[in-house]
Amino acid sequence: MTKPLILPTRRIFLGAATLGMAAFTTRGLFAEELQRVKTPAQTEGPFYPDKLPLDTDNDLLIVNDNITPAVGEVTHLGGKILDVKGDPVRNALVEIWQVDAKAVYLHTGDSGKKKRDENFQGFGRFLTGASGEYYFRTIKPVAYPGRTPHIHFKIKRSGKELLTTQCYVKGEAANEKDGVYRGIKDAKARESVTIDFVPIKESRAGELTAQFDIVLGWTPESK
């Protein structure tokens, strides 16, 4: 049975609260500096799921009611969706997709040829509220053949696609060899999609936290 599309479970929110997720509810100085930097659009790539899973919630580590979690470095990924003025965007549907720990996408063109981690959802969605915030529990991205580690994002609102982009791991050596990453010529725009994956001190399992604020070249008046 399919879980709710947009509402994170109480388990996820409580877990996030105990792991220092205050960073996602308080706008830092760094985030404020980036508010006026429009997040660059990037290629969707060939592996947006061609068949969506039955479970499309914001916890990519557990599929439906399975008790076996996905393999990988657990990451609490959050941020805000902002308009070009820096105001939060409500009712933005945030979609993410990425490879599993074996570097396999949830796509028949990729997973049909390789053995994927069946416990990794591979795709998730979250609908923002008045604060513009979103949250996913996923894994730290790993490299895909020919690509540096990254996570794909697609932002929609009222059925309209507003932005497709990707985020990258700060300090990853492979970034400078990645053609898509190097294709972002503006240094500030490139910095805006390069994020820290920081160990959570309170976590005994080595979990990470990461924040990716997305600034759309869009305002409510432009819809």
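All values derive from a computational prediction rather than experimental measurement. Sequence positions, counted from 1, serve as the residue numbers for this chain.
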Sequence neighbours excluded, which residues qualify as side-chain contact (heavy atoms from CB on, under 4.5 Å) partners of [X]?
{"X": "Ala205", "answer": "Ser203, Glu207"}
{"X": "Pro40", "answer": "Ile184, Ala189, Ser192, Val193"}
{"X": "Ala41", "answer": "Leu163"}
{"X": "Lys102", "answer": "Asp100, Val104, Lys115"}

message: Among Lys154, His152, Gln166, which residue satisfies the side-chain hydrogen bond (donor to acceptor under 3.5 Å, both in side chains) criterion with Glu44?
response: Lys154
With rounding to the nearest 0.5 Å, note down the distance linking [atom1] in [X] to [atom2] in [Y].
{"X": "Leu208", "Y": "Ile200", "atom1": "CG", "atom2": "CD1", "value": "7.0 Å"}
{"X": "Leu127", "Y": "Asn58", "atom1": "CG", "atom2": "CG", "value": "11.0 Å"}
{"X": "Thr128", "Y": "Leu82", "atom1": "OG1", "atom2": "CG", "value": "10.0 Å"}
{"X": "Ile81", "Y": "Leu93", "atom1": "CD1", "atom2": "CG", "value": "10.0 Å"}
{"X": "Glu118", "Y": "Leu106", "atom1": "CD", "atom2": "CG", "value": "9.0 Å"}
{"X": "Asn119", "Y": "Thr68", "atom1": "CG", "atom2": "OG1", "value": "5.0 Å"}

Hey, is the main chain of [Y] close enough, under 3.5 Å, to the side chain of [X] for a donor-acceptor pair?
{"X": "Thr75", "Y": "Lys140", "answer": "yes"}
{"X": "Thr39", "Y": "Val215", "answer": "yes"}
{"X": "Arg116", "Y": "Val99", "answer": "no"}

Just checking, any donor-acceptor pair under 3.5 angstrom between side chains of [X] and [Y]?
{"X": "Thr194", "Y": "Lys170", "result": "no"}
{"X": "Arg137", "Y": "Gln121", "result": "no"}
{"X": "Asn175", "Y": "Thr148", "result": "yes"}

State, to 0.1 Å, how close [X] and [Y] come at their nearest heavy-atom pair, and which atoms those are.
{"X": "Lys156", "Y": "Glu95", "result": "NZ-OE2, 3.3 Å"}
{"X": "Pro149", "Y": "Pro141", "result": "CB-O, 3.4 Å"}
{"X": "Leu77", "Y": "Ile151", "result": "CD2-CD1, 3.9 Å"}
{"X": "Ala210", "Y": "Ile195", "result": "CB-CD1, 4.0 Å"}
{"X": "Phe120", "Y": "Val63", "result": "C-CG2, 4.1 Å"}
{"X": "Tyr134", "Y": "Phe153", "result": "OH-CE2, 3.6 Å"}

query: What pairs meet the ring pair (Phe, Tyr, Trp, His ring centres under 6.0 Å) rule with one or both residues in residues 160-182, with sequence neighbours excluded?
result: Tyr168-Tyr181
field: Within residues 38-69 or reaching into it, pairs that qualify as ring pair (Phe, Tyr, Trp, His ring centres under 6.0 Å) - sequence neighbours excluded
entry: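 Residue pairs with at least one partner in residues 38-69: Phe47-Tyr105, Phe47-His107, Phe47-Tyr144, Tyr48-Trp97, Tyr48-Phe123.
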Can [X] and [Y] be counted as an ion pair, charged N to O under 4.0 angstrom?
{"X": "Arg190", "Y": "Asp186", "result": "no"}
{"X": "Lys80", "Y": "Glu133", "result": "no"}
{"X": "Arg147", "Y": "Asp178", "result": "yes"}

- request: Determine, using the 4.5 Å side-chain heavy-atom cutoff (strictly less than), whether Ile155 and Phe136 are members of one ILVMFWY cluster.
  value: yes
- request: Step by step, work out the side-chain contact (heavy atoms from CB on, under 4.5 Å) result for Val180 and Thr43.
  value: CA-CA 8 Å; Val180 179; Thr43 177; 4.1 Å; yes
message: Quick check on Lys177: does its NZ atom have over 12 non-hydrogen neighbours (other residues, nucleotides or ligands) under 6.0 Å away?
response: no
field: Thr138 and Gln98: CA distance, side-chain angles, deciding distance, side-chain contact (heavy atoms from CB on, under 4.5 Å) verdict
entry: CA-CA 9 Å; Thr138 184; Gln98 65 184 105; 2.6 Å; yes
